[in-house]
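Beneath this line is the structure, given in C-alpha cells, with notes to follow.
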Protein chains: 2
Amino acid sequence: MVFSTTTQYALKILAYLNEHKEGLCSAKTLSEELDIPYKYLTKIMTKFTKNEMIESVQGRYGGFKLIDSKIITIYDILKLCDGDSAKDCIIGKIECNERKRCHYHDAWQKPRESIKKDFLDADLKGCISKES
Amino acid sequence: MVFSTTTQYALKILAYLNEHKEGLCSAKTLSEELDIPYKYLTKIMTKFTKNEMIESVQGRYGGFKLIDSKIITIYDILKLCDGDSAKDCIIGKIECNERKRCHYHDAWQKPRESIKKDFLDADLKGCISKES
DNA sequence: TCTAATTACTACTAAAAAGTAGTATTTGAA
DNA sequence: TTCAAATACTACTTTTTAGTAGTAATTAGA
Ligand code: SF4
Ligand code: SF4
C-alpha cells in the first residue's frame, strides 16, 4: 500500500467538499456518497475540524465545509492522517545521510522528487476531477 | 507511511544479499547487520525462499543467497510483502475508469509514472549503493 | 556418530489501524 | 419551548501487522 485507508478516505472527503463549496455537507451525506463508514468518517471529520483544515457547523442543518482562505496540500492531509510520515525520504527506516546512500537511492530519486513536487505540494483545490 | 515495515526490511535484506554475493548470509548475520528482529527476519526469509526469490541452504554453515539468474524488481518485493497492492494506481480505493477520473488524477499522474518506471520496474541488482 | 549451528515450522502475543456503539451537546426551526 | 438532526466525545471491538517463543529438521565437520 502507498497511502493508508484513512488517508484515502481523507482525500476523497476533501475532494468532495471542494466540489461542493456552496453550503454544508453533512457526515451522513459524505458517508453515503463516498461509501465511508459513518462513524469512522465522523471521527476523521472532527480531527480535521480541530486542526482547522475545515469548518464545522454544529446542530441541526449543520455540516462541514472547506475554509475558503485556507490552502491545503496533500502533504497536509498525509501529515494529519498517517502521522509524521512522508518526510524527505519516503522509503524511510533505511539509514542514510549525505555520505552514505542506501541501495535504492538513485532509483528512488526521480519518483521521490516527482511525488514531492507534483503531488504532495499540490494544493487540494488545484486538483480538478474530470468526467468525460 | 509509504512502504510497510515488512517491505522496508525486505528491501534492506535483498540489498545486503546483493552486496554479498559470494557465499551465504545467515539469518543471524542479517539480523545483526541490518537491525531486524531475528525471528521476524527468518519468517520473511522463509517466505522469500518459498517464492524462489532467493536460495537457502539448511543445516550448519547454511544461509541465504540471491539466485544469480533471477531478476527481482522492487515491484516483486512489494507484491510479496504487502500483498496485492501497488497495482496501476497507487492511490487506489478511489473509484475511477477511463471516463471518470478522481480529483487527484492529474496531480498524481507524473509521480505515478515515475514510480512505476524508475522504481517499481527497477531490477534490484541494478540499484547501487554509494558511500563517499 | 555426535554436536552445534543453521533453516523450517507452528503457534502465540503485542501493537497499530480500522471500524463500531452509545451518549452528550449543539442548534435552527416549527 | 420543544424537537429532530446534526456534530462532539468516550469507549469499546475487530482486523491487520509486527514481533516473539519454542521446537523440529537439516547438515557440515569434529
Ligand atoms: S539513501 Fe536516499 S532513498 Fe535511501 S533512505 Fe536515504 S534518502 Fe531514502
Ligand atoms: S483517477 Fe487516476 S489517480 Fe484517481 S484513482 Fe483513478 S487512476 Fe488513480
Side-chain angles (χ1 to χ4, degrees), chain A residues 1-13 17 20 23-67 78-85 92-93, chain B residues 1-13 17 23-67 77-85 92-93:
Chain A
M1 175 174 307
V2 172
F3 300 111
S4 69
T5 302
T6 303
T7 299
Q8 293 181 32
Y9 286 165
L11 290 170
K12 287 170 80 171
I13 292 164
L17 290 181
H20 296 80
L24 299 165
C25 301
S26 72
K28 183 159 175 284
T29 303
L30 290 167
S31 166
E32 285 167 356
E33 291 290 316
L34 303 174
D35 197 33
I36 298 171
Y38 176 79
K39 283 287 189 179
Y40 199 77
L41 181 136
T42 57
K43 207 190 249 177
I44 299 174
M45 298 314 278
T46 303
K47 190 158 74 175
F48 285 164
T49 303
K50 279 192 176 168
N51 283 272
E52 294 177 337
M53 288 182 76
I54 58 175
E55 267 178 334
S56 77
V57 175
Q58 290 189 35
R60 197 173 188 178
Y61 310 106
F64 303 93
K65 60 176 294 198
L66 289 183
I67 301 170
L78 250 74
K79 258 196 303 191
L80 204 54
C81 298
D82 280 2
D84 186 3
S85 60
K93 285 195 186 170
Chain B
M1 175 173 309
V2 172
F3 300 110
S4 69
T5 302
T6 302
T7 299
Q8 293 181 31
Y9 286 166
L11 290 171
K12 288 170 79 171
I13 292 165
L17 291 182
L24 299 165
C25 300
S26 72
K28 184 160 175 282
T29 303
L30 289 168
S31 166
E32 286 168 356
E33 291 290 316
L34 303 174
D35 197 33
I36 299 171
Y38 176 78
K39 283 287 191 180
Y40 199 76
L41 181 136
T42 57
K43 207 191 247 176
I44 299 174
M45 297 315 278
T46 302
K47 189 158 74 174
F48 284 163
T49 304
K50 277 192 178 168
N51 283 272
E52 295 176 337
M53 289 183 76
I54 58 174
E55 266 177 336
S56 76
V57 176
Q58 289 189 36
R60 197 172 190 180
Y61 308 106
F64 303 93
K65 61 177 293 197
L66 290 182
I67 300 170
I77 302 170
L78 250 74
K79 259 196 302 190
L80 204 55
C81 297
D82 280 1
D84 187 3
S85 60
K93 284 195 188 170

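The chains referred to below are lettered A, B, ... by the order of the sequence lines, with proteins before strands, and numbering in each begins at 1. Worth knowing before you read on, the calculation uses all heavy atoms, side chains too, and leaves out hydrogens, waters and symmetry mates.
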Report yes if some heavy atom in the side chain of [X] is under 4.5 Å from a heavy atom in the side chain of [Y]; otherwise report no.
{"X": "B/I13", "Y": "B/L41", "value": "yes"}
{"X": "B/K28", "Y": "B/E32", "value": "yes"}
{"X": "A/T29", "Y": "A/H20", "value": "no"}

Separation of atom [atom1] in [X] from atom [atom2] in [N], rounded to whole Å:
{"X": "A/K28", "N": "D/dT7", "atom1": "NZ", "atom2": "P", "result": "11 Å"}
{"X": "A/K39", "N": "D/dT10", "atom1": "NZ", "atom2": "C1'", "result": "10 Å"}
{"X": "A/K12", "N": "C/dA18", "atom1": "NZ", "atom2": "P", "result": "14 Å"}
{"X": "A/M45", "N": "D/dC9", "atom1": "CE", "atom2": "P", "result": "14 Å"}
{"X": "B/L34", "N": "D/dG19", "atom1": "CG", "atom2": "P", "result": "14 Å"}
{"X": "A/L24", "N": "D/dT7", "atom1": "CG", "atom2": "C1'", "result": "11 Å"}
{"X": "B/K47", "N": "C/dA8", "atom1": "NZ", "atom2": "P", "result": "14 Å"}
{"X": "A/K43", "N": "D/dA6", "atom1": "NZ", "atom2": "C1'", "result": "19 Å"}

Indicate whether OP1 or OP2 belonging to [N] is found under 4.0 Å from a side-chain N or O atom of [X].
{"X": "B/Y9", "N": "D/dG19", "value": "yes"}
{"X": "A/S56", "N": "D/dT7", "value": "no"}
{"X": "B/T46", "N": "C/dA8", "value": "yes"}
{"X": "A/T6", "N": "C/dA18", "value": "yes"}

List the atom of [X], the atom of [Y], and the distance in Å for their closest heavy-atom pair.
{"X": "A/K65", "Y": "A/I54", "value": "O-CB, 3.4 Å"}
{"X": "A/E55", "Y": "A/L66", "value": "OE1-O, 4.3 Å"}
{"X": "B/C81", "Y": "B/K47", "value": "CA-NZ, 4.3 Å"}

**Message:** Under 4.0 Å, counting only non-hydrogen atoms across every strand here, what does A/S26 touch: a base, just sugar-phosphate, or nothing?
**Reply:** sugar-phosphate
**Request:** May I ask you to say what B/F64 touches in the nucleic acid, namely base, sugar-phosphate or nothing, with a heavy-atom cut-off under 4.0 Å?
**Result:** sugar-phosphate
Residue [X], side-chain atoms from C-beta onward, closest of [options]:
{"X": "B/S4", "options": "C/dA18, D/dG22, D/dA18", "result": "D/dA18"}
{"X": "A/K50", "options": "D/dG19, D/dA18, D/dC9", "result": "D/dC9"}
{"X": "A/T49", "options": "C/dA18, D/dT20, D/dA8", "result": "D/dA8"}

**Asked** So, A/T6 versus A/Y40: side-chain donor-acceptor pair below 3.5 Å or not?
**Response** yes
**Request:** Quick one, give me the B/S/- string for nucleotides 25-30 of chain C, reading 5' to 3', where B means a protein heavy atom under 4.0 Å from the base and S means that only happens at the primed atoms, P, OP1 or OP2.
**Result:** -BBBS-
